[in-house]
Amino acid sequence: MIIVLKEGLSQEKIDDFVKGWKEKGFGIHISKGESTTIVGLLGDTSKIETENVASDEAVETVQRVSAPYKMASRSFHPADTIITCGEGQAGVNSCTLGNGIIGVMAGPCSVESEEQIIEIARAVKKSGARFLRGGAFKPRTSPYSFQGLGKQGIEFMVEAKKETGLPIVTEVMDARQLQYFDEIDVIQVGARNMQNFDLLKELGKTKKPILLKRGMSATVKEFLMSAEYIMASGNEKVILCERGIRTFDNYTRNCLDLSIVPYLKKVSHLPVVIDPSHACGTRWMIPTLSQAAIAVGCDGLEIEVHNHPEKALSDGEQALVPETFDDMMKKLQKYAQVEGRQI
């Protein structure tokens, strides 16, 4: 249930109003605009009569929220959520997603060595990437495939951050791994863990932005409900990431659902990132799909870049070489400028 309070209420009256609902056992989400305060009631509101709520002298309007996701809903939070990463860290760039900024996250599928990740970090930063992405813990379909360097991979990424100032984006697979993530700036939840609800609850206890990837067979509703798990557990810094879904065809690795961007922008306030690398699985498609993602309004891109993709230990076929990435970034900047945005 959404309650819009009247303009001009004192903070004392707002606090008293909120306190009364908390005492009745409801969770509260408050969203403040320039002149409007919106109070979202979390819990079973089915027995609450809207007329009774509207009779309170502090209330302007009341409406029920039909969507099962509450905190992720734009009804609860009308303004776009803007997420800033790396803020306040010495030597680290402060990077924003949203508010006209298209944040590009670039780097290898897997961290393979300290030299490799630092070389790639330097290259992608020079080309305009705002984040360094890389995998330390790798979920792989085959148990015999390279599983990542784990803790050591994170240590190598931290060295690359010190060298370049780029905030780090990397994936967590298990809550027990969070002990190694103190210096990670954005924690990624992979497609296979989108409905690992125990993990999502633990991430809700952190203060770091969470990049939540859509499951390969997940509906949009299921996707948003997974975001709700994180937010309901206390962390509202959620970034939604479309990385392609599984369909009947196999001409690409997955099917990139670009229509999800305008839809999510309509129903949710959370920023939306597109991962064209995992969607198509073929490097030559990535620049075109990235252009299309900007055209439909994405807030960021996650791109795989490798200095020697032919030698990559994972997903080399979908990684751009730094030179191609640089050319693509120059073109994407022009596309963004057409819409009054920047990369």
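Values below: every heavy atom of this structure, side chains too, minus hydrogens, waters and symmetry copies.
- Distance check, rounded to the nearest 0.5 Å: OG1 of Thr206 to CG of Leu178 gives 7.0 Å.
- You'll find the side chain of Ile294 reaches within 4.5 Å of the side chain of Ile343, heavy atoms only.
- Contact annotation: the side chain of Glu171 approaches that of Pro139 to within less than 4.5 Å [non-hydrogen atoms, C-beta and beyond].
- Here the closest heavy-atom approach between residue Lys161 and residue Pro167 is recorded as CD-CA, 4.2 Å.
- Note on residues 228-285: pairs passing ring pair (Phe, Tyr, Trp, His ring centres under 6.0 Å), not counting sequence neighbours, are His77-His269, Phe197-Tyr229.
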task: With side chain to side chain contact (heavy atoms under 4.5 Å, CB included) as the test, would you mind laying out the steps for Arg192 and Thr141 before giving the verdict?
output: CA-CA 10 Å; Arg192 294 171 178 84; Thr141 302; 3.2 Å; yes

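- Residue Leu132 is grouped with residue Leu301 when hydrophobic side chains (ILVMFWY) are merged at heavy-atom distances under 4.5 angstrom, including chains of intermediate members.
- Arg283 places no side-chain N or O within 3.5 Å of a backbone atom of Leu320 that could act as its donor or acceptor partner.
- No donor-acceptor pair closer than 3.5 Å links the side chain of Arg341 to the backbone N or O of Asp299.
- Scanning both residues, Ala72 and Leu270, for their nearest heavy atoms gives CB-CD1, 4.1 Å.
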Please evaluate residues Thr252 and Met285 with respect to the criterion side chain to side chain contact (heavy atoms under 4.5 Å, CB included), reporting the C-alpha separation (whole Å), side-chain torsions for both, the decisive distance (0.1 Å), and the verdict. CA-CA 9 Å; Thr252 55; Met285 285 190 181; 3.7 Å; yes

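- In this structure, the separation between CD on Glu228 and CE on Met71 is 6.5 Å, given to the nearest 0.5 Å.
- Listed by first and then second residue, the side-chain hydrogen bond (donor to acceptor under 3.5 Å, both in side chains) pairs involving residues 315-328 are Ser127-Asp326, Arg253-Asp315, Arg253-Gln318, Glu304-Gln318, Asp315-Gln318, Asp326-Lys330 (not counting sequence neighbours).
- Through side-chain heavy atoms spaced under 4.5 Å, either directly or across other Ile, Leu, Val, Met, Phe, Trp or Tyr residues, Val53 is tied to Met1, Ile3, Leu5, Leu9, Ile14, Phe17, Val18, Trp21, Phe26, Ile28, Ile30, Val39, Leu41, Ile48, Val59, Val62.
- Summarising the geometry, atom CD belonging to Glu114 is positioned 9.5 Å from atom CD belonging to Glu155; distances are rounded to the nearest 0.5 Å.
- Within a 6.0 Å radius of NZ in Lys19, other residues, nucleotides and ligands contribute 12 heavy atoms or fewer.
- Taking 4.5 Å as the limit, some side-chain heavy atom of His306 sits within range of a side-chain heavy atom of Gln116.
- Within the model, atoms CG of Asp80 and OG of Ser268 stand 9.0 Å from one another, a figure rounded to the nearest 0.5 Å.
- Between the Ser226 side chain and the Glu222 main chain, a donor and an acceptor come within less than 3.5 Å of each other.
- Clustering ILVMFWY residues whenever any of their side-chain heavy atoms sit less than 4.5 angstrom apart, transitively, puts Val172 in the very cluster that holds Ile154.
- Residue pairs meeting the ring pair (Phe, Tyr, Trp, His ring centres under 6.0 Å) criterion with at least one partner in residues 147-190, sequence neighbours excluded, do not occur; the list is empty.
- Evaluation of the ring pair (Phe, Tyr, Trp, His ring centres under 6.0 Å) test over residues 321-343, restricted to residues two or more places apart or in two chains, returns none.
- Judged by distance alone, the side chain of Arg243 and the main-chain N or O of Pro276 form no donor-acceptor pair under 3.5 Å.
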* To do: Carefully, step by step, assess Asp275 and Val273 under the rule side chain to side chain contact (heavy atoms under 4.5 Å, CB included).
  => CA-CA 7 Å; Asp275 176 356; Val273 167; 5.7 Å; no

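- The backbone N or O of Asp185 sits nowhere less than 3.5 Å from a side-chain atom of Glu183 that would complete a donor-acceptor pair.
- Rounding to the nearest 0.5 Å gives a distance of 6.0 Å between NZ of Lys125 and CG of Leu166.
- The neighbour count for Glu12 CD, taken as heavy atoms of other residues, nucleotides or ligands under 6.0 Å away, does not exceed 12.
- When the side chains of ILVMFWY residues are joined at heavy-atom separations under 4.5 Å, either directly or via intervening members, Val186 and Val158 end up in two distinct hydrophobic clusters.
- With hydrogens and angles disregarded, no donor-acceptor distance shorter than 3.5 Å links the side chain of Lys208 to the backbone of Ile187.
- Other residues, nucleotides and ligands contribute at most 12 non-hydrogen atoms within 6.0 Å of the CD atom of Glu57.
- Using a 4.5 Å heavy-atom threshold, the side chains of Ile82 and Pro271 count as separate.
- The backbone N or O of Ile286 sits less than 3.5 Å from a side-chain atom of Ser290, completing a donor-acceptor pair.
- How far CD1 of Ile120 is from NE2 of His308: 8.5 Å, rounded to the nearest 0.5 Å.
- The two residues Val305 and Val321 have their closest heavy-atom pair at CG1-C, 4.3 Å.
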Steps toward side chain to side chain contact (heavy atoms under 4.5 Å, CB included) verdict (Thr36, Val4) = CA-CA 7 Å; Thr36 305; Val4 180; 3.5 Å; yes

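- At least one donor-acceptor pair closer than 3.5 Å links the side chain of Arg64 to the backbone N or O of Thr45.
- Ser314 places none of its side-chain heavy atoms less than 4.5 Å from the side chain of Ser145.
- Using modelled atom types, no side-chain atom of Ser110 and backbone atom of Gly135 make a donor-acceptor pair closer than 3.5 Å.
- Between Val296 and Pro262, the shortest heavy-atom contact is O-CD, 4.1 Å.
- Both Val104 and Val261 belong to a single network of hydrophobic side chains, linked directly or stepwise wherever heavy atoms of I, L, V, M, F, W or Y lie under 4.5 Å apart.
- One N or O on the side chain of Lys138 and one on the backbone of Cys109 form a donor-acceptor pair closer than 3.5 Å.
- Shortest non-hydrogen contact noted between Leu256 and Ala279 is CB-CB, 3.6 Å.
- Between Lys266 and Arg74 the shortest side-chain heavy-atom distance does not fall below 4.5 Å.
- Among all heavy-atom pairs drawn from Ser55 and Asn52, the shortest one is OG-O, 2.5 Å.
- The shortest distance between side-chain heavy atoms of Leu240 and Arg214 does not fall below 4.5 Å.
- The side-chain heavy atoms of Leu212 and Phe223, taken from C-beta on, include a pair separated by under 4.5 Å.
- Ionic pairing of Lys213 and Glu302 is present here: one or more N-O contacts between side-chain nitrogen and carboxylate oxygen are shorter than 4.0 angstrom.
- Residues Met225 and Ile239 are members of separate hydrophobic clusters, defined by side-chain heavy-atom contacts under 4.5 angstrom among Ile, Leu, Val, Met, Phe, Trp and Tyr.
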Output side-chain donor-acceptor pairs under 3.5 Å for residues 93-101, partner residues at least two apart or in another chain, one line each.
none

